[in-house]
Structure formats: structure tokens, C-alpha cells
Amino acid sequence: MSTKTQVFFTGATGYVGGSVMDRLLRHPTFATSEITALVRKADKAAVLESLGIKTVLGSYDDHAVLEKQASLSDIIFSIADSDNADANNAILRGLKKRYEETGKAPILIHTTGSAIVMDDPKGAYGTEEVWDDTDLAKLDTIADTQIHRNVDAPILAADKEGYLKAYLVCPSTIFGLPSGKLLDLGVQNTRSIQIPMAIACSIGRKRAGFVGKGLNVWPAVHVEDTTDVYTILYDAILAGKAGHGREGLYFVENGHYVFKDVSAKIGEALLELGVSETAEPNAFVEEDFKKFPWLGLLGTNCRCRATRIRALGWEPKYPIEGLLKSVRRDVEAELKATPSA
């Protein structure tokens, strides 16, 4: 049996996960750790193995694989599907077995999202309500019906039961280009979620759009600053300085934006690139919502404050203004992925 710290990693080739994995490859603990990544495709597995990472082929649908690997792990970085309850439960079962075997609570660094505190004004207005991750009494009021809570709640319950230590990372809108070896080797996803979703719909309708009046507000953070959160948190965990469970929710934000401002930048890019006849965005209509069922999420509000991770030394380097500057690149990337546009 290996004496190295066993680390299991999901989402290793993802937009955020690929950059976090790159940091782990350069982390002081790499020499004393054995990292195993869950990978869907054999060609990507070969690339990771060339970097000294063990791999297991599978996906979040392979619950037996997840449970077994978790049962062998001291630390898990979960940076994949944040809403897959069955996959999460398989990981929890495995971690419970690990605890029962070793008597030591394994570490689960799980990626959820700031959407756990969003409301839904359908773009009609913004909000002044701010959720601070040190306000435990307020965080305790988060309803289990909120997005991601089908996964987060069982994790927090497991931490309270004592068979693992849970750290929940809650990124907001992530923007910018990632970096690192996995990107250089061509196996890392380079696209985020929220803004590309808005762009995809806007390209389809040949005009930028927003939900309702587009006045809703969201936090944002650059992908490299997000990656820093994981490394700073990891160091704090290993040093015994990071709160876990109820005190282990870490928002990730570097300011807030109004969605209509993003729509305006999408409109400018679509006009300049010959996709739209106008730069002015307008409200999405019923037909848009039918084509893109998730579109309503772009009309939600979310305001949060990343106090906990800042207290551990996180200092974001990329100002939120970069979000608007990144829209043109995202539009170009979406057009390349949509040849018929």
C-alpha cells in the first residue's frame, strides 16, 4: 500500500479544474501525493498520465467507480457536476468507508456555486441584499430547494456526522482564459458557462438579449483568481486554518455586474462580426425560452461577499471590468463552435 496521500480529482480537464490540477502539479505536496483523476476519454487520460497523474476511466454516471475511488482517498477535489446527487452520494459512501477504515476524516473540497443564494426577479430589478459567507445565521436560512442544495445539503450533513471534513467553494460568474499545462496540451476546456449561454442564444436569434429588463445583478471573478482560491484554501486546510462544514462555505467574487451591460457588449460584438444588424439588445421572448430552457437563469439576482477566503490571504488580481472586455473573445469562440451562425 502506498504511503503517499491519496488525492482523487474530478473535473480535471474542465475550465476551472484543469487550472487547479496544474497548480497541484506544481504544489509542494505533489511529491508526497498520488493524484488520481476521473477522465471520460482514453486520449485525455494518456495526456494526464504523461504528467504523473494516475487516471480512472469513467464519468459521474459510474457510481461504483466513484464510490470505490472515494473509499481509497484521503482528499477529494470535486470540480465537476455540482448538481448530480447520485454521483455525490456515491462519493459520500466511499468517503464514509475511508473514515471507517482509517479512523481519520477525509477531506472533500467540493465545487458548488453562488447560485445557492440567488433569487429570481426575471430581470426586472437588481438587489441590495448581500450574502456574506461569515454570516452563519443568514446562511442557515438557505432553502434546500435552492439550486445545488440537493448536493450541498448531504455534504454538510456528512461533515456534521463527522466522517469527512467538507469545504464548499462557491464561484460566481467566471470569465477569462485559463492557463497551465493542461491547456497547453490541448485537453482543457476553455469556456465558462453563463456568458457563453447568453451568447449562444443571442447568436441563434441574431440579436443580443436579456431577461425582462436585464437589470439583475451577479458577482463575477476571473478564472485565474478562482484557481488561486483552491490553492490558498488547500494550503489553509493542510495547515489546519480553514473552517469546514457549516463554517466552510467560501464564496468567490471580485465585484458585481448588471446583466444588461454584458448584453450590450454581446450586441456590439455581434454587429461588428456581421451576425446582427443592430448592437442594441432587447428582451428575450417566449420562443427564445422554448429553444433554451435554461435561459431564465440569466434573469436571476445574486450578491455575495467572499470574506472567508480573503481572510486566508486571497487577493484577486483581475478587476471585474475584465468581464466586459472578455465578451468579444467569447462571442468569437461561440461562433467558431457554431459554424451555421
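Here the structure is a predicted model, which means the values were calculated and not measured.
- Although no hydrogens or angles enter the test, the distance criterion places no donor-acceptor pair under 3.5 Å between the side chain of D228 and the main chain of P316.
- No salt bridge links D235 with K241; every basic N to acidic carboxylate O contact stays at or beyond 4.0 Å.
- No more than 12 heavy atoms of other residues, nucleotides or ligands lie within 6.0 Å of NZ in K165, so this atom counts as exposed by the packing criterion.
- Smallest separation of non-hydrogen atoms from F9 and G17: CZ-O, 3.4 Å.
- Side-chain atoms of N89 come within 3.5 Å of backbone N or O of A85 as a donor-acceptor pair.
- Look at E287 and R205 and you find no salt bridge, because none of the NZ, NE, NH1 or NH2 atoms lies under 4.0 Å from a carboxylate O.
- Note that CD of Q6 is 11.0 Å distant from OG of S71, once rounded to the nearest 0.5 Å.
- Salt bridge status for D74 with R98: present, with a side-chain N to carboxylate O gap under 4.0 Å.
- When all heavy atoms of L57 and V65 are compared, the closest pair comes out as O-CG1, 4.5 Å.
- Ion pair E332/K336 not flagged as a salt bridge, since none of the NZ, NE, NH1 or NH2 atoms sits closer than 4.0 Å to an Asp/Glu carboxylate oxygen.
- More than 12 heavy atoms of other residues, nucleotides or ligands sit less than 6.0 Å from atom CG of L273.
- Ion pair E268/K265 flagged as a salt bridge, since at least one NZ, NE, NH1 or NH2 atom sits closer than 4.0 Å to an Asp/Glu carboxylate oxygen.
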- What do the steps show when you test D86 against H63 for side chain to side chain donor-acceptor pair (under 3.5 Å), and what is the final call? CA-CA 7 Å; D86 290 337; H63 303 150; 4.9 Å; no
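- Exactly one residue among D140, D135, D133 makes a salt bridge (charged side-chain N to carboxylate O under 4.0 Å, His left out) with R246. That residue is D140.
- D22 is linked by a side-chain hydrogen bond (donor to acceptor under 3.5 Å, both in side chains) to R26, counting only residues two or more places apart in sequence or in another chain.
- Of all heavy-atom pairs between S263 and G209, the closest is OG-O, 2.8 Å.
- Annotation: H222 is in aromatic contact with F175 [ring centroid separation under 6.0 Å].
- Panel note: side chain R308, backbone F251; no donor-acceptor pair is recorded below 3.5 Å.
- The shortest non-hydrogen separation linking T190 to L183 is CG2-CD1, 3.2 Å.
- Taken to the nearest 0.5 Å, the CZ atom of F259 stands 5.5 Å off from the CD1 atom of I266.
- Atoms CG and CH2, from L139 and W131 in turn, are 7.0 Å apart once rounded to the nearest 0.5 Å.
- Using a 4.0 Å cut-off between charged side-chain N and carboxylate O, R23 and E224 make a salt bridge.
- Below 30°, between 30° and 60°, or above 60°: for Y230 and F77 the angle between ring planes is between 30° and 60°, a tilted geometry.
- For the pair K54/I35, no side-chain contact is recorded, criterion being any heavy-atom separation below 4.5 Å from C-beta on.
- Using the six-membered ring where Trp is involved, Y163 and Y99 have ring planes that are tilted, between 30° and 60° apart.
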